[in-house]
Amino acid sequence: MLLLAIDSATPVAGVALWGDGRILREEYSDYKQTHSRDLMPMVDRILRSCEVDIKEISVLGVTIGPGSFTGLRIGLATVKGLAMAANLPVVGISTLEMMAHNFAHNSALVCPLLDARKNEVYTAFFDVHSSYPRRLSKDLFCSPSEFVEIVKEQRIELNYEKVILLGNGYTPYSEYFQNELGEEYALAPAHLMYPRAGALASLAVERAIKEEFDDVRTIKPVYVRLSEAEYQLGKEA
Amino acid sequence: MVYLSQQEVLILGIETSCDETSAAIVRDGRDILSNVIHSQISIHQPFGGVVPEVASRKHIENIPWVVDQAFTDAGLTYEDIHAVAVTNRPGLIGALLVGLSYAKGFAYALKLPLIGVNHLQGHIYANILEHGDIPFPAVCLVVSGGHTSLLLMENQSQYQLLGGTLDDAAGEAFDKVARFLGLGYPGGPAIEKAARTGEAGHVRLPRVFLDRPDYNFSFSGLKTAAMNMWIKLQRQGDKRVDNMAAEFQLALVEVLVEKTLRAARAYEVSSILLAGGVAANSLLRSLMENRAEDEGKKVYYPPIELCTDNAAMIAGRAYEDFCQGIYAGLDLNAQAHLPSI
Ligand SMILES: [Zn+2]
């Protein structure tokens, strides 16, 4: 199986090619993001450098959210175009699951945090004892202080000694989190802090082996939040 | 590189610059084999205008079946086409990016050239799709919800900007005034419909900038004047919104017509082109035609379905670039605004 994984859900853009049980090549960029411009050239570079034609790919993996609304759509629209034209199956993976997978086979509770702007973060709780992250909550969006409250509660209730935090939702509130959370809370090192297309590929392969494919024509981003206008309209109604 | 002229060229066009998701297949820049247009109007109606984030969310849901439908309608398969054309400028950035990203993936997987198309040039090209060869030079009025520009065209692809709106676009003024008058969205058709039972002249609105010799427009003042007039009339117990709509429509259209004709006279051209969503307005069409005819000039405009945003005009416009081998790279980006048309 050759699997191409594409992620542009956050300020990081990543593309990875999985084959023969390993990552053959991966590109990661967290520099002056312009996913709309850079994503397809990344795909092209990866395939060329591994001498693989897009038609030889067996499956496409893509992050479906949460994340930046526009970033998610750039990734998913690209994958829809590729998959329809090359007739490829698609596996959509949660951005938060992909990030939790950076810490596979760990005994800590893993909480990826994504910056949701408007002083909120997207998060979910994962147990990562096994090779596929086990979801302990649905996707949430909450303020940093609500998060602190929930994570403290969950750690004790679910009986975890340590909690690992990662993601770009941590950064704007790092000082606050450091003050509020004790030494049971560890921050991911830089190379595991953000989404990795390699992790996306690993998870997508697991799903592809079980033939758990998504419908390329109907798969949608998981926004978690309504658009601002819909939210306002709902308030009026 | 010049493409062998004997062989037909089939181009897939994709358009998602505002609230229409559209895909079309056009042969040799002339024959529309399919033109699927999925309008989101009903979705945006409760908001009183296009909500960019909502439009983008709908585009990504609709684009797969809209593209499939374009192939089904044309009786073609993916392998039959020779290039993928996509609107990449100007428009709502998030909306443009859905079509652009999809088009890049689609073209790449089929190893086809990708062509980025200027949406406004697409609107102008709708005239070529409908009328074939038009005698140039010509004056072209591009008038829509986002644009009001007057162009002097040397030929199909070379032109200079003579003037444009200094504030609101004509379609924008229609939308805002229609909303204020409680006529609904989209404003152009709403005002045109209301004006049918009304009569212009009962109230009098200004013909803004008609006294100025340049080719610029301003609709913000007219919009405000109309709103103030309506408040005053209602206070006086006059509830004839149809008269109000008729006068507003005439005040706006008269300026468009007069300035366009003035440009046609000054540059001694006998062809006048209308393009863009507001070119669907029947008063604009008839007034322009009548007055142009008196001066021996001919007016060209696309049929209604080619005035609104559609992908056929994008696939059509891309044909010339295709023949000249002007292709975009995989790094093609979207642009919300253009420095000029
Ligand atoms: Zn348009």
Side-chain angles (χ1 to χ4, degrees), chain A residues 4 6 8 13 34-45 47-48 53-57 60 62 64-65 68-88 90 215-223 225-234 236-237, chain B residues 12 14 16 21 23 43-69 71 77-79 81 84 86 88 92-112 114 328-335:
Chain A
L4 184 69
I6 297 176
S8 59
T34 311
H35 298 340
S36 54
R37 193 189 60 205
D38 301 335
L39 195 63
M40 269 312 295
M42 280 170 92
V43 168
D44 186 46
R45 275 196 298 275
L47 293 181
R48 274 175 199 273
D53 188 281
I54 183 74
K55 302 245 167 175
E56 296 172 64
I57 295 290
L60 293 173
V62 62
I64 53 162
S68 135
F69 297 164
T70 299
L72 288 172
R73 282 189 293 262
I74 289 169
L76 195 56
T78 303
V79 163
K80 281 178 187 255
L82 287 169
M84 279 176 66
N87 197 21
L88 301 175
V90 170
D215 181 340
V216 55
R217 285 168 170 80
T218 55
I219 186 173
K220 293 196 280 193
V222 175
Y223 298 107
R225 259 200 327 222
L226 288 175
S227 73
E228 183 61 25
E230 288 169 303
Y231 178 68
Q232 293 296 341
L233 198 71
E236 284 166 29
Chain B
L12 169 71
I14 292 174
T16 62
T21 317
I43 289 156
H44 296 279
Q45 244 151 4
F47 303 99
V50 176
V51 181
E53 175 58 25
V54 173
S56 307
R57 289 185 179 195
K58 289 296 160 194
H59 284 315
I60 196 156
E61 290 173 27
N62 294 327
I63 200 160
W65 72 259
V66 168
V67 168
D68 278 340
Q69 192 65 46
F71 280 93
T77 65
Y78 297 165
E79 282 68 34
I81 55 168
V84 178
V86 62
N88 76 316
L92 302 171
I93 192 74
L96 285 167
L97 286 173
V98 174
L100 176 61
S101 303
Y102 181 91
K104 280 194 201 182
F106 198 85
Y108 182 81
L110 292 170
K111 299 180 179 60
L112 295 176
L114 176 74
L330 288 174
D331 60 351
L332 180 68
N333 208 346
Q335 275 174 277

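In what follows, every chain begins at residue 1, and chains take the letters A, B, ... in the order their sequences are listed. On a predicted model such as this, the values are computed, not experimentally measured, just so you know. Below, each value reflects all heavy atoms present in this structure, side chains not excepted, and no hydrogens, waters or symmetry copies.
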Contact class of [X] relative to chain B, heavy atoms under 4.5 angstrom:
{"X": "A:Asp44", "value": "both"}
{"X": "A:Ser36", "value": "both"}
{"X": "A:Thr218", "value": "neither"}
{"X": "A:Leu60", "value": "neither"}

Give the member of A:Thr70, A:Thr34, A:Ile74 that has the highest number of heavy-atom pairs under 4.5 Å with chain B. A:Ile74
Who among A:Pro221, A:Ala229, A:Ala86 has the most heavy-atom pairs with chain B under 4.5 Å? A:Ala229
For the residue pair [X] and [Y], establish whether any side-chain heavy-atom pair is separated by less than 4.5 Å.
{"X": "B:Lys111", "Y": "A:Asp53", "value": "yes"}
{"X": "A:Arg73", "Y": "B:Ser101", "value": "no"}
{"X": "A:Leu39", "Y": "B:Lys104", "value": "no"}
{"X": "B:Leu97", "Y": "A:His35", "value": "no"}

Tell me every residue that passes salt bridge (Lys or Arg N to Asp or Glu O under 4.0 Å) with A:Lys220, counting only those two or more places apart in sequence or in another chain. B:Glu61
Mind checking what makes salt bridge (Lys or Arg N to Asp or Glu O under 4.0 Å) contact with A:Arg37, not counting sequence neighbours? none
Checking heavy atoms, do the side chain of B:Val51, its backbone, both or neither come under 4.5 Å from chain A? side chain
Which atoms of B:Ile60 come close to chain A, meaning under 4.5 Å heavy atom to heavy atom: side chain ones, backbone ones, both, or neither? both
Determine the minimum heavy-atom distance between [X] and [Y], stating which atoms define it.
{"X": "A:Tyr223", "Y": "B:Glu53", "value": "CE2-OE2, 4.2 Å"}
{"X": "A:Lys80", "Y": "B:Tyr102", "value": "C-CE1, 3.7 Å"}
{"X": "B:Ala109", "Y": "A:Leu82", "value": "CB-O, 3.7 Å"}

Counting only heavy atoms from other residues, nucleotides and ligands, does the tally under 6.0 Å from CG of A:Asp215 exceed 12? yes
Less than 4.0 angstrom from a charged side-chain N to a carboxylate O is my criterion; do A:Glu230 and B:Arg57 meet it? yes
When rounded to the nearest 0.5 angstrom, what distance separates CE in A:Met84 from CG in B:Leu110? 10.0 Å
